[in-house]
Amino acid sequence: MIITDTHTHLYSEEFDQDRDLMIQRAIKAGVSRFFIPAIDSATTQAMYTLEKSYPENIFLMAGLHPTYVKDDFEVQLAHVEKQLSERKFYAVGEIGIDLYWDKTHLPQQQTAFRTQIQLAKQYQLPIVIHCREAFDEVFAILEEEKGPDLFGIFHCFTGTHEQALQAISYNMKLGIGGVVTFKNGKIDQFLDQIAIEHIVLETDAPYLAPVPYRGKRNESSYLSNIVEKLATIYQLSEEEIAAVTTENSKVIFGI
Ligand SMILES: [Zn+2]
């Protein structure tokens with residue numbers, strides 16, 4: 001069984017004490033493909049180090065996370081652009097809009113999102129979207145940018161059924177993780193009406209651990225709990241869930 005974690009921050013300092021053991025646990029649980037979203041230039045070196053240790057398993061993205069769009073965002077975007085010009089990445093992410101932490105930089109977040117979508121198109125890469133309390137703002141930009149060259153993943157999708165269909169209409173797959181196991185997570189109530197071809201799996205480790213680990217540090221091996229939950233929702237075997245969602249991730253990332 002090959003399970004693909006399409007969104008995991010394995011370079012996070014939360015894993016500094018036991019990173020290798022944690023990655024071995026994941027591989028043992030069948031989670032052997034890790035797609036690694038960037039935050040800002042401060043995380044670049046740790047990502048490259050990680051890739052060097054696990055070249056078969058680790059696939060990197062380049063991007064500027066919306067929460068880290070500050071007054072120096074143009075310097076950060078130049079860093080992303082330089083990275084993309086220098087070597088292979090598998091996506092531009094994570095990018096988008098986050099109005100939960102800070103609304104004051106909304107115009108800059110919108111500019112950074114648009115600019116990075118342009119970069120993704122230039123390099124024919126998918127985008128990985130981070131959207132928190134900002135569905136209207138994110139959809140407005142996707143509406144401007146939509147087309148055959150726009151595709152990717154709506155990471156940690158937590159919207160309504162209607163918003164799910166709208167995201168899919170922009171060639172986005174829905175990134176499903178720990179929230180689907182939460183009692184009040186809501187998405188489990190309509191997911192069976194979304195074809196599994198539109199779903200990819202993610203942990204967002206070290207955040208958003210699934211039940212029964214909710215509130216604790218998350219890690220990629222816990223993706224098995226998501227697979228189990230989706231097998232119940234879709235009435236498929238865990239092997240089928242793993243196979244189809246891994247295939248979906250290959251369609252998006254090209255690997
Ligand atoms: Zn993330």
Side-chain angles (χ1 to χ4, degrees), residues 3-16 19 22-23 26 31 33-48 50-51 57-70 73 76 79-80 83 89-102 105 109 112-113 116-117 120 125-135 138 152-159 167 172-182 185 187 199-210 213-223 225-226 245 249 252-253:
I3 307 173
T4 302
D5 192 345
T6 61
H7 196 111
T8 178
H9 299 269
L10 295 182
Y11 54 81
S12 163
E13 57 187 27
E14 301 265 339
F15 299 120
D16 282 355
R19 183 169 292 102
M22 181 269 299
I23 292 175
V31 187
R33 289 160 41 87
F34 309 96
F35 289 84
I36 315 290
I39 300 291
D40 68 0
S41 60
T43 59
T44 304
Q45 208 41 58
M47 290 173 71
Y48 290 171
L50 188 63
E51 179 191 47
N57 310 90
I58 296 282
F59 308 98
L60 301 185
M61 308 179 200
L64 175 61
H65 188 297
T67 306
Y68 291 76
V69 172
K70 302 292 177 200
F73 79 101
Q76 291 290 339
H79 173 71
V80 173
Q83 281 184 288
F89 289 91
Y90 294 91
V92 176
E94 53 191 297
I95 66 175
I97 299 177
D98 187 319
L99 298 179
Y100 176 77
W101 294 107
D102 173 19
H105 287 86
Q109 288 193 35
F113 189 29
Q116 293 184 95
I117 289 175
L125 290 173
I127 59 172
V128 171
I129 301 174
H130 171 109
C131 170
R132 194 159 182 201
E133 297 195 357
F135 271 105
V138 164
I153 295 172
F154 218 98
H155 141 65
C156 188
F157 183 81
T158 51
M172 297 297 147
K173 306 241 183 256
L174 308 181
I176 301 298
V179 174
V180 77
T181 68
F182 296 176
I187 51 170
I199 304 293
V200 290
L201 306 182
E202 60 169 60
T203 54
D204 202 17
Y207 315 106
L208 290 170
Y213 309 104
R214 192 172 180 181
K216 306 224 164 64
R217 184 187 78 168
N218 197 5
E219 57 176 72
S220 286
S221 66
Y222 298 168
L223 208 49
N225 298 72
I226 316 293
T245 54
S249 76
I252 290 292
F253 294 115

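Each ligand, and each atom within it, is numbered from 1 in the order the structure gives. Basis for what follows: all heavy atoms, side chains included, without hydrogens, waters or symmetry-related copies.
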>> Can you classify the ring geometry of F135 versus F157 as parallel (below 30°), tilted (30 to 60°) or perpendicular (above 60°)?
In response: perpendicular

> Once the angle between the rings of F59 and Y90 is folded into 0 to 90°, is it parallel (under 30°), tilted (30 to 60°) or perpendicular (over 60°)?
Replying inline: perpendicular

>> If we count only N and O atoms by modelled type, under 3.5 Å, do the side chains of D98 and T67 hold a donor and an acceptor together?
In response: yes

> In the shown structure, where waters are left out, how many protein N, O or S atoms lie under 2.8 Å from the Zn ion (ligand 1)?
Replying inline: 4

>> Do M172 and I127 make a side-chain contact, defined as non-hydrogen atoms from C-beta onward lying under 4.5 Å apart?
In response: yes

>> Let me confirm one number: the CG-SG distance from L99 to C131, rounded to the nearest 0.5 Å.
In response: 8.5 Å

> Looking at residues at least two apart in the chain, or sitting in another chain, which of them share a salt bridge (Lys or Arg N to Asp or Glu O under 4.0 Å) with R217?
Replying inline: D18, E219

